[in-house]
Amino acid sequence: MEHTLFCLLLLLSTHIYSGHSEDDDGQAKAVLTKHPKPSQIFSGESVTLRCTIQRGKVTDWKYTWSKDGVDLPSRKHKYEISGDNISNSGDYRCLGKHIGNGTYSEWSDVVRLTVTALPTASVKMVTTQETLYSGDTVKLQCVISNYTDWTYHWLINKERLSSQTSKTTTISLSDQAGQYQCQGTRTRRPQNSYLSSSLHISVTTLPETTLSVYPNPAYTGKTVTLTCSVGSDSGWRYIWYKDNTKKVVTLSGRHTTTGATFTISSAAESDQGLYWCQGEIQSRSISSIISDPVTITVKERPAAVLTLQLNWPQIFSGETVTLRCDIQGGEKIEYAFYNSGMSVYTKTEPEYRISPAKNGLYTCEGLQKRNGLKHSQTSNAIQLTVLDQPQAVLSVSPQWLNPGDSVTLSCGVKESSTGWRFFWYQTVPYTAGLPSLSERSYSVEPLSGSGTSEDSYTLIPAGPSHTGGYVCRAGRGDPVYDTIYSEPQFFWSGDPQTSVSLKIRPNRNQHFTSKSLSLSCGEKGNSTGWRLKRYREKAVESGCGSNWGSIAGSTCTIRFTRKKDSGVYWCESGSGEYSNAVNITVADGPLILESPAYPITEGDSVTLRCTNRNQETKPNPKVDFYKDGVLIRNETTGEMTIPAVSKSDEGSYKCTSIKVISPESWVTVRGVTPGPSTSVLVGVVVGLVVAGVLLAILLVLLCRYKKAKRFMLQHNVLAPPAPEDQPGPPTGPRIYPGPGS
């Protein structure tokens, strides 16, 4: 509408002026001026356009303004344009209409106006670190794209920092975060830049420092490591303090640092004390909060003492032993046991039970429970030497019995060891289900009263058979550890038994080698079921016919005697009965003593012969006989006869001839054993003797009585009795006649 009106006015003005005469001055001209003159203005600036008509006064005209061909609302001769809006850029012109006559002036020339935005400012952080701490410094730069003659202004939290006017500024940060901005000014247009957007800078509180020490307490000579931690940020350098926070630790050969660790090598008591640490970033002059103090204690590592929990020095195969490790102090630790340096057992208990015991050199030490590091010194070493399972050793005293003798069994262990309890057994024929000896020649039955610490046992054999076999063994510990059974030991009687007896041919104790010898087990009415046994070199042997000699019925014959056939021989039944025993000596020398193989009864005659191996061709010219080592007789016949032996003749005999000595043999003498008829005779004799003695005593007493009575009558010592009917004696003294009246 306005544009249409404008066109009509333009046509009208043209028409009016076209009717003027040439004398007229012509159509008035509008002149458009601008102040300031530059055609370019910047945001924030303003410009004034002034429209001047060459005729008349300013007030005579009404003005029309056009921008880019579009009427503007203003009708004043001045038009104010602000640079705040870039859209104000364009081509401007003006036109006047005379108020009085309504004539129009010509349009002014076009004035082009350009509105330009101010240069943009931005804050750039030159410092590269990601984390900024209170007290840190940061370098900021204000960047303005156009021009170079700027004066820079810095703002923090919208407050200008009057002292900062450089393009790059260094700011020391406070504990508070901040919004940082910048702006440029210049003396020429444009005189300002835009205010930059805000750069937010966060300030982190100084980090706390943590100090850890391991191990603590530490032991003399060991390594101690201190570790300083300042969060996860890198780039920290660490400072270490001792005794106070101003005394920096002096590094030396024993004190070194690597990164966040401080190492004390070969700790000494002088290293004890308070320690702190602190982190710093030297390039930024930043230090962390100093750590809390840690007290380091350096002391001697506690001693470990290893003991063997045994009451005896020797250890045998199969035994259980216990090692105990004692360590001073009350810390909760683990106990480690080693065999020749190799770990074999680690527990919280101080005892190591080894079952079965093993050879080795054992030590122990304490370990810290939380990390397995060494806590104590290494203990003393204990050498465990495990011996083979021992065998008990049994001795019997006496081995040859007289009737009524008691027997003492003595048991020991071959090695000189202690702590044993002793168990006693009697040998019986091998029986399945009973404990047996290794070669199964005998089973064993325990004796009452076994299992004590007494190493001897006394028994009195019962019954007529005085031969018996016994073994022992020892045990100790918990559980009980047993030795091997002893070899069976025997005691014997040479007396022939009523049930069975051993007969020897020839009937003597001593025999030459390379001769024949027969032994037979004889039982009244039965000779079967008996076995011949012999004991030599501390072992029992059986097996005539397989190992030695040949057997025919109940007789064993050794056709070619050897020295090793020496020993004690007896017979055993399957039910455990024993015969008498014979001690046989087989001599390989030129001389033997022939003596009875069985005990001799008191009163019997006995002949001992000193026999040369070549007796038939070279008889002994002269023989000396010895009893118990004492010369008792010289004989030229080679024989010595005792007509009636007594108990005093019992003993050990030998003979010599031409400086050759026979082996010794024991001659046993038994007292007379009274039978039933003898007992009656003895009773009668004793009775007669007693009666005779009593009769003699009575006769003697009677004779003496008669003699005394006669004497007293002759001397009136006694008066004859008065008759019963006569009066009694007169009173007063009675006078008896003297010897001469």
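The aromatic rings of Y147 and W150 sit perpendicular to each other, their planes meeting at more than 60°, with 30° as the lower class boundary. Taking the six-membered ring where tryptophan is involved, the planes of H375 and Y219 are perpendicular, since the angle between them exceeds 60° and thus also 30°.
Remark: side-chain polar atoms of Y335 are not paired, donor with acceptor, to backbone N or O of Y345 under 3.5 angstrom. In this structure, D91 contributes its side chain and D68 its backbone to no donor-acceptor pair below 3.5 Å. Checking side-chain atoms of E280 against main-chain N and O of R237 turns up no donor-acceptor pair under 3.5 Å. Counting only distance, with no hydrogens or angles, the side chain of T127 and the backbone of K139 share a donor-acceptor pair below 3.5 Å. The main-chain N or O of L211 is never found under 3.5 Å from a side-chain atom of D292 such that the two would form a donor-acceptor pair. Between the side chain of S340 and the backbone N or O of G360, no donor-acceptor pair lies under 3.5 Å. Using a distance-only test at 3.5 Å, with no hydrogens or angles considered, no donor-acceptor pair links the side chain of K29 to the main chain of R55. The main-chain N or O of I289 is found under 3.5 Å from a side-chain atom of T209 such that the two form a donor-acceptor pair. Without hydrogens or angle criteria, N380 side chain to L306 main chain gives a donor-acceptor distance under 3.5 Å. Using a distance-only test at 3.5 Å, with no hydrogens or angles considered, no donor-acceptor pair links the side chain of Q377 to the main chain of E365.
Of the N and O atoms on the side chains of S74 and K78, not one donor lies less than 3.5 Å from an acceptor on the other residue. For the residue pair Q309 / T307, a side-chain donor-acceptor distance below 3.5 Å is found, with atom types taken as modelled. Using a 3.5 Å distance cut-off with no hydrogens or angles, the side chains of E334 and T348 do not pair a donor with an acceptor. Q40 and T114 are not linked by any side-chain donor-acceptor pair at a separation below 3.5 angstrom, with hydrogens and angles left out of the test.
Taking both residues in full, the closest heavy atoms of P190 and L118 are given as CB-CD2, 3.8 Å, listed atom of the first, atom of the second, then distance. The shortest non-hydrogen separation linking L49 to W65 is O-CH2, 3.6 Å. The shortest heavy-atom contact between Y194 and S43 is OH-OG, 3.4 Å.
H77 is not listed as a side-chain neighbour of W61, based on a closest heavy-atom distance of 4.5 Å or more.
With V224 as the fixed residue, the side chain to side chain contact (heavy atoms under 4.5 Å, CB included) test singles out one of D271, N216, I264, T263: I264.
Listed by first and then second residue, the disulfide (SG to SG under 2.5 Å) pairs involving residues 65-153 are C51-C94, C142-C182 (not counting sequence neighbours).
We find that R324 and D326 are joined by a salt bridge, their nearest charged nitrogen and carboxylate oxygen being less than 4.0 Å apart.
Within a 6.0 Å radius of CD in Q383, more than 12 heavy atoms belonging to other residues, nucleotides or ligands are found.
The line from OG of S196 to CD1 of I144 is 9.0 Å long, rounded to the nearest 0.5 Å. Distance CH2/W154 to OG1/T168: 7.0 Å, rounded to 0.5 Å.
The aromatic ring centres of W236 and Y133 sit less than 6.0 Å apart.
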